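What follows is a set of notes on a single structure, which appears directly below.
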Amino acid sequence: MNEIIKAFVKEQAELLISADSCCPEAKAVAQNWLAALGTDKEQEVSKKLLAELEEDIMPIDQLIDFAQSEAAIEVFGAEMAKEAAAHGKEIKAAGAIYCDCPACNAAAAILEKKAELLTR
């Protein structure tokens, strides 16, 4: 992986870790990835980072479905759930594939560099 890609992914990993919307598992694997940079573990940990992000990133339809559910109303309240559903529909209409929260944005940016991350 070249230094420009490494710097970009490092920045996105730091954004991921700092995102309130990031799950603990993704934070941990991103922290492990940062710690492995420049070591013989970098490639192995890159694979783990990508696998975690592929599992965690929320497709837009899943976001909309959740926002319209009773569970979302319980978690966020009726008004916020309604706003989240409307927002999801709006960004889907504009072409969004994934949720646009800070964690999903960082995950999507890292996943866009998957091929480069897996290149030695």
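Source: prediction; values computed, not measured. Numbers for residues simply follow the sequence, beginning at 1.
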Nearest heavy-atom pair of [X] and [Y]: which atoms, and what distance?
X    : Y    : result
G88  : L63  : CA-CD2, 4.2 Å
N105 : D100 : ND2-O, 3.0 Å
L16  : C22  : O-CB, 3.2 Å
I110 : A13  : CD1-N, 3.8 Å
A96  : I60  : O-CG2, 3.5 Å

Does K6 come within less than 4.0 Å of E116, counting only side-chain N to carboxylate O?
no
Is the shortest side-chain N to carboxylate O distance from K48 to E52 below 4.0 Å?
no
How far does [atom1] of [X] sit from [atom2] of [Y], to the nearest 0.5 angstrom?
X    : Y    : atom1 : atom2 : answer
L49  : E42  : CG    : CD    : 11.0 Å
C101 : I57  : SG    : CD1   : 8.5 Å
L50  : L111 : CG    : CG    : 6.0 Å
I91  : C99  : CD1   : SG    : 6.5 Å

Decide yes or no for [X] and [Y]: does some side-chain heavy atom of the first lie under 4.5 Å from some side-chain heavy atom of the second?
X    : Y   : value
Y98  : M58 : no
N32  : V45 : yes
T119 : N2  : no
Q68  : K89 : yes

Could you work out, with salt bridge (charged side-chain N to carboxylate O under 4.0 Å, His left out) as the rule, every residue matching E11, not counting sequence neighbours?
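If we apply the salt bridge (charged side-chain N to carboxylate O under 4.0 Å, His left out) test to E11, skipping adjacent residues, there are no hits.
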Are the side chain of E55 and the backbone of A51 linked by a donor-acceptor contact shorter than 3.5 Å?
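Checking the backbone N and O of A51 against the side chain of E55, no donor-acceptor pair under 3.5 Å is found.
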Tell me whether K27 contacts the main-chain N or O of I17 through its side chain, where contact means a donor paired with an acceptor under 3.5 Å.
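Here the side-chain-to-backbone pair exists.
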Is there a continuous path of hydrophobic side-chain contacts, each under 4.5 Å between heavy atoms, that joins [X] to [Y]?
X    : Y   : result
M80  : I73 : no
F66  : I97 : no
L15  : L37 : no
L118 : L53 : yes

Partner residues of P102 under the side-chain contact (heavy atoms from CB on, under 4.5 Å) criterion, sequence neighbours left out:
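Applying side-chain contact (heavy atoms from CB on, under 4.5 Å) to P102 gives A19, S21.
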Begin with the C-alpha distance, continue with both residues' side-chain angles, and end with the deciding distance and a verdict on side chain to side chain contact (heavy atoms under 4.5 Å, CB included) for W33 and L117.
CA-CA 11 Å; W33 183 83; L117 274 169; 3.8 Å; yes
Begin with the C-alpha distance, continue with both residues' side-chain angles, and end with the deciding distance and a verdict on side chain to side chain contact (heavy atoms under 4.5 Å, CB included) for K114 and E54.
CA-CA 10 Å; K114 181 177 182 174; E54 287 173 342; 2.7 Å; yes
Over 12 non-hydrogen atoms of neighbours within 6.0 angstrom of NZ in K113
yes
